Undergrad: 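I have a structure here, written as structure tokens, and I will follow up with some questions on it.
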Amino acid sequence: MNRPRIDHIGLVVADLDAAVERLRPVFGDDVSYKDLPQYELRTAIFHTANLAIELLQYTGEAAFARGVMGSRLGLNHVSAEVADAEVSIAALRERGFTVQDGFPADGVHGRVAFFEPDDVTGLLFEICQPFAATDTEADAAG
């Protein structure tokens with residue numbers, strides 16, 4: 001079996017700006033922000049040498065994201081990078097994983113799919129097919 005690449009880990013926070021300032025001494029100053037108003041979600045991403053640390057703040061009580069990821073603060077999910085979201089979803093379904101309703105969908109880093117929390121480990125697992133360089137450049141421009 002190959003060694004998967006972890007794309008990012010997600011942490012739910014109550015106050016995004018305060019959390020960024022608190023974690024700067026740990027993760028550095030290479031941080032970017034992205035708002036996803038369609039999901040009532042603000043994000044800040046620390047870019048480290050080996051993976052991204054994604055901070056997530058809900059901006060509404062009925063946030064779609066809250067229904068997917070839950071309300072508990074702290075470590076929320078682990079996301080593995082995949083080359084093709086659809087192929088990976090099919091392969092994981094064959095192994096007993098259940099994709100959550102509404103996925104795959106465009107997320108912060110790329111095309112993503114969240115799976116129902118695992119009965120054995122409790123892990124909330126996500127796969128991420130990163131946006132192509134031209135997609136992220138277009139996002140950065142507008």
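What you see is a predicted model, and the numbers here were worked out from it, not measured in a lab.
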Undergrad: Among F64, Y39, F103, exactly one meets ring-ring contact (aromatic ring centres under 6.0 Å, His included) together with F114. Which residue is that?
TA: F103
Undergrad: Does V99 reach the side chain of R93, with side-chain heavy atoms less than 4.5 Å apart?
TA: yes
Undergrad: E126 vs N76, test: side-chain contact (heavy atoms from CB on, under 4.5 Å). Steps then yes/no.
TA: CA-CA 10 Å; E126 175 192 31; N76 181 266; over 6 Å; no
Undergrad: Is there a side-chain contact between L123 and F115, using heavy atoms and a 4.5 Å cut-off?
TA: no
Undergrad: For the atom pair CG (D84) and CD1 (I89), what is the distance rounded to the nearest 0.5 Å?
TA: 9.0 Å
Undergrad: Determine yes or no for a side-chain-to-main-chain donor-acceptor pair under 3.5 angstrom, with D35 supplying the side chain and P37 the backbone.
TA: no
Undergrad: State whether D15 and R22 are salt-bridged, where the test is any N-O pair (Lys NZ or Arg NE/NH1/NH2 against Asp/Glu carboxylate O) under 4.0 Å.
TA: no
Undergrad: Working to the nearest 0.5 Å, report the span between CZ of F27 and CG of L55.
TA: 8.0 Å
Undergrad: When rounded to the nearest 0.5 angstrom, what is the spacing between OG in S79 and CD1 in I9?
TA: 11.0 Å
Undergrad: With a 4.5 Å heavy-atom cut-off, do D7 and E54 have their side chains touching?
TA: no
Undergrad: Mind listing the closest non-hydrogen atom pair of P104 and E86 along with its distance?
TA: CG-OE2, 3.2 Å
Undergrad: Ring-plane angle category for H77 and H8, please: parallel below 30°, perpendicular beyond 60°, tilted otherwise.
TA: perpendicular
Undergrad: Are Y58 and M69 side-chain neighbours, meaning at least one heavy-atom pair lies under 4.5 Å?
TA: yes
Undergrad: Can you find a pair of side-chain heavy atoms, one from L73 and one from V12, that are under 4.5 Å apart?
TA: yes
Undergrad: Might you point out which heavy atoms bring C128 and H109 nearest each other, and give the distance in Å?
TA: SG-CB, 3.7 Å
Undergrad: Can you tell me how far the CD atom of E61 sits from the CD atom of E40, to the nearest 0.5 Å?
TA: 9.0 Å
Undergrad: Could you state the interatomic distance from CZ (R111) to CG (D106), rounded to the nearest 0.5 Å?
TA: 5.0 Å
Undergrad: Relative to the ring of F97, is the ring of F125 parallel (under 30°), tilted (30 to 60°) or perpendicular (over 60°)?
TA: tilted
Undergrad: Is it possible for you to say whether L75 and I53 belong to one hydrophobic cluster, with membership spreading through side-chain heavy-atom contacts below 4.5 Å?
TA: yes
Undergrad: With a 4.5 Å heavy-atom cut-off, do F46 and R24 have their side chains touching?
TA: yes
Undergrad: Of all the heavy-atom pairs spanning Q129 and A85, show the shortest one and how long it is.
TA: OE1-N, 2.8 Å
Undergrad: From E81 CD over to L51 CG, what is the distance, rounded to the nearest 0.5 angstrom?
TA: 11.5 Å
Undergrad: Just wondering, do L36 and K34 contact through their side chains at under 4.5 Å, heavy atoms?
TA: yes
